[in-house]
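The next block holds one structure in the form of structure tokens; read it before the comments.
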Amino acid sequence: MDQAQFLAAIEAVFAQSPSGSGNLIDRMHYTNDGVLGTASETCGTIGFGIAAEISPSQNVLSTVSDLNRLMTFGHYWLAEGADNSNWSLVCGFKFQHETSNVQQVIEISAGLVQHSRVIVDSAREQLGDASHRQYWLDDVPAEAQALILTGHLG
């Protein structure tokens with residue numbers, strides 16, 4: 001697989017999203033409800049945000065660790081914010097082009113388009129009483145949020 005094949009696969013899957021989809025530059029595609037796909041020359045990434053305005057604490061770190069134990073492919077992590085009260089919890093899947101195939105990308109991206117809301121809600125529930133807000137906001141333009149998420153998915 002190469003960068004063009006990765007981007008074509010996620011664009012086709014994201015186009016089927018019930019919430020709609022869009023793209024920013026040729027290498028970044030998103031669904032209007034918060035799934036993002038982007039690619040470099042060597043790697044593709046698909047991911048989504050879960051929670052924002054989080055302060056790292058033992059409870060939050062333990063939750064991220066627990067979530068990662070459930071993963072067989074992909075990872076959850078805290079993305080650094082402007083200060084210690086503004087970290088974000090995100091989930092991402094990286095695909096090295098030389099070791100991935102188009103079918104794998106289609107299956108994972110389709111699963112995320114269909115189930116990301118359930119995954120987000122479950123992960124936010126596991127944060128318990130840790131102060132946070134929803135990552136993807138309905139009243140903020142999807143393009144702006146996709147740009148921020150790009151930075152958080154690295």
Side-chain angles (χ1 to χ4, degrees), residues 6-7 9-11 13-14 16-25 27-40 42-97 99-100 104-154:
F6 177 86
L7 289 168
I10 61 168
E11 184 175 25
V13 170
F14 286 12
Q16 302 300 313
S17 172
S19 68
S21 63
N23 70 311
L24 296 167
I25 65 173
R27 297 177 294 129
M28 187 185 320
H29 301 280
Y30 61 88
T31 65
N32 290 333
D33 61 353
V35 180
L36 177 82
T38 186
S40 68
T42 61
C43 177
T45 302
I46 302 171
F48 54 92
I50 297 165
E53 298 178 9
I54 299 173
S55 295
S57 66
Q58 183 59 40
N59 176 50
V60 169
L61 296 176
S62 179
T63 298
V64 173
S65 177
D66 290 346
L67 290 168
N68 277 320
R69 278 192 210 111
L70 299 172
M71 297 294 276
T72 54
F73 185 70
H75 291 50
Y76 291 87
W77 65 90
L78 290 173
E80 189 173 7
D83 59 36
N84 203 38
S85 298
N86 285 295
W87 291 63
S88 294
L89 176 59
V90 297
C91 180
F93 300 78
K94 294 205 180 219
F95 301 85
Q96 294 296 323
H97 296 316
T99 60
S100 300
Q104 178 186 41
V105 170
I106 289 171
E107 288 173 9
I108 290 173
S109 60
L112 292 177
V113 167
Q114 292 174 358
H115 304 293
S116 66
R117 181 57 40 209
V118 172
I119 298 167
V120 166
D121 290 345
S122 176
R124 287 185 62 214
E125 183 178 308
Q126 290 186 47
L127 286 170
D129 61 358
S131 178
H132 67 279
R133 73 160 172 80
Q134 182 174 320
Y135 188 95
W136 198 268
L137 303 172
D138 294 333
D139 59 345
V140 176
E143 295 86 358
Q145 294 183 96
L147 280 173
I148 294 168
L149 183 53
T150 299
H152 287 164
L153 291 175

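No hydrogens, no waters, no symmetry mates; every other heavy atom, side chains included, goes into these values.
- The shortest distance between side-chain heavy atoms of D33 and S17 falls below 4.5 Å.
- Minimum interatomic distance between G44 and H97 (heavy atoms only, all atoms of both residues): N-CE1, 3.6 Å.
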Begin with the C-alpha distance, continue with both residues' side-chain angles, and end with the deciding distance and a verdict on side chain to side chain contact (heavy atoms under 4.5 Å, CB included) for F6 and I46.
CA-CA 10 Å; F6 177 86; I46 302 171; 3.8 Å; yes
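- The shortest distance between side-chain heavy atoms of P56 and N84 falls below 4.5 Å.
- More than 12 heavy atoms of other residues, nucleotides or ligands shown are found within 6.0 angstrom of CD on Q96.
- For residues 135-154, every residue pair satisfying the side chain to side chain donor-acceptor pair (under 3.5 Å) rule, not counting sequence neighbours, is listed here: Y30-E143, Y135-H152.
- The heavy-atom pair separating L112 from F48 by the smallest distance is CD2-CE2, 3.5 Å.
- Closest approach of R124 to R133, counting heavy atoms only: NH2-C, 4.1 Å.
- Using a 4.5 Å heavy-atom cutoff, the side chains of W87 and W77 are not in contact.
- For the pair Q104 and F93, the minimum side-chain heavy-atom distance is 4.5 Å or more.
- Nearest heavy-atom pair, C91 versus L153, reported as atom, atom and distance to 0.1 Å: O-CD2, 3.6 Å.
- Considering only heavy atoms from C-beta on, L147 comes within 4.5 Å of M28 through its side chain.
- Scanning both residues, S19 and N32, for their nearest heavy atoms gives O-ND2, 3.0 Å.
- Heavy atoms only, all atoms of each residue included: A130 and V60 are closest at CB-CG2, 3.7 Å.
- Side-chain atoms of S116 do not come within 3.5 Å of backbone N or O of V113 as any donor-acceptor pair.
- Note that OG of S55 and CG of L78 are 10.5 Å apart. Values are rounded to the nearest 0.5 Å.
- Here the straight-line distance linking atom CG of L149 with atom OG1 of T45 works out to 10.0 Å at 0.5 Å rounding.
- Here the straight-line distance linking atom OG of S109 with atom CD of Q16 works out to 11.0 Å at 0.5 Å rounding.
- Counting heavy atoms from C-beta on, the side chains of Y76 and I119 come closer than 4.5 Å.
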Chi angles and distances behind the side chain to side chain contact (heavy atoms under 4.5 Å, CB included) call for I10, T38
CA-CA 9 Å; I10 61 168; T38 186; over 6 Å; no
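- In this structure, L7 CG and R27 CZ are separated by 8.5 Å, a value rounded to the nearest 0.5 Å.
- Considering OG of S85 and NE2 of H132, their distance stands at 14.5 Å, rounded to 0.5 Å.
- Screening residues 58-75 for side chain to side chain donor-acceptor pair (under 3.5 Å), with sequence neighbours left out, gives S65-R69, D66-R69.
- Rounded to the nearest 0.5 angstrom, S88 OG and I54 CD1 are separated by 6.5 Å.
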